[in-house]
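Written below as structure tokens is the structure these notes are about.
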Amino acid sequence: MPEYEFVDVYVPRGVSRKETARLLTDHAEYGHWELHRLSLLRDGSRKVRLRRRIIRQARATW
């Protein structure tokens with residue numbers, strides 16, 4: 001089963017959808033994050049949870 005690490009990003013309500021999309025695109029492109037969950041809160045802000053897979057390398061035996 002794959003293991004993931006998570007990061008939560010809070011986007012305040014004054015940030016437009018276009019700016020939010022650019023921010024998340026930058027995280028995906030440069031940090032290899034993918035969208036796990038996006039919640040739109042009552043005050044108009046967004047809570048975004050991103051995840052990326054943890055790749056473990058097997059130890060080499062000599």
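Basis for what follows: all heavy atoms, side chains included, without hydrogens, waters or symmetry-related copies. Only a predicted model underlies this, so the values are computations on that prediction, with no experimental measurement involved.
Closest non-hydrogen pair, Leu50 versus Leu35, comes out as CD2-CA, 3.9 Å.
In this structure, Arg49 is positioned above the aromatic face of Phe6, its NZ or CZ under 6.0 Å from the six-membered ring centre and within 45° of the axis.
A donor-acceptor pair is defined here as one N or O able to donate and one able to accept, closer than 3.5 Å; no such pair exists between the side chain of Arg37 and the backbone of Val48.
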Legend entry - Evaluation steps, side-chain contact (heavy atoms from CB on, under 4.5 Å), between Val9 and Leu23: CA-CA 10 Å; Val9 178; Leu23 172 76; 4.1 Å; yes

Inset, instruction - Kindly indicate, with the supporting measurements, whether the criterion salt bridge (Lys or Arg N to Asp or Glu O under 4.0 Å) is fulfilled by Arg53 and Glu3. - result: CA-CA 6 Å; Arg53 194 170 182 181; Glu3 293 182 42; over 6 Å; no

Legend entry - Check against side-chain contact (heavy atoms from CB on, under 4.5 Å), Arg17 and Arg46: CA-CA 10 Å; Arg17 291 178 71 185; Arg46 296 173 183 92; 3.2 Å; yes

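Rounding to the nearest 0.5 Å gives a distance of 7.5 Å between CG of Leu38 and CG of Leu40. For the atom pair Lys47 NZ and Asp8 CG, the distance stands at 6.0 Å (nearest 0.5 Å). One distance of note links OH of Tyr30 with OG1 of Thr25; it measures 10.0 Å at 0.5 Å rounding.
Salt bridge Arg51/Glu5: absent, no basic N to carboxylate O contact under 4.0 Å.
No single ILVMFWY cluster, assembled from side-chain heavy atoms under 4.5 Å apart, contains both Val7 and Leu41.
Other residues, nucleotides and ligands place more than 12 heavy atoms under 6.0 Å from the OH atom of Tyr10.
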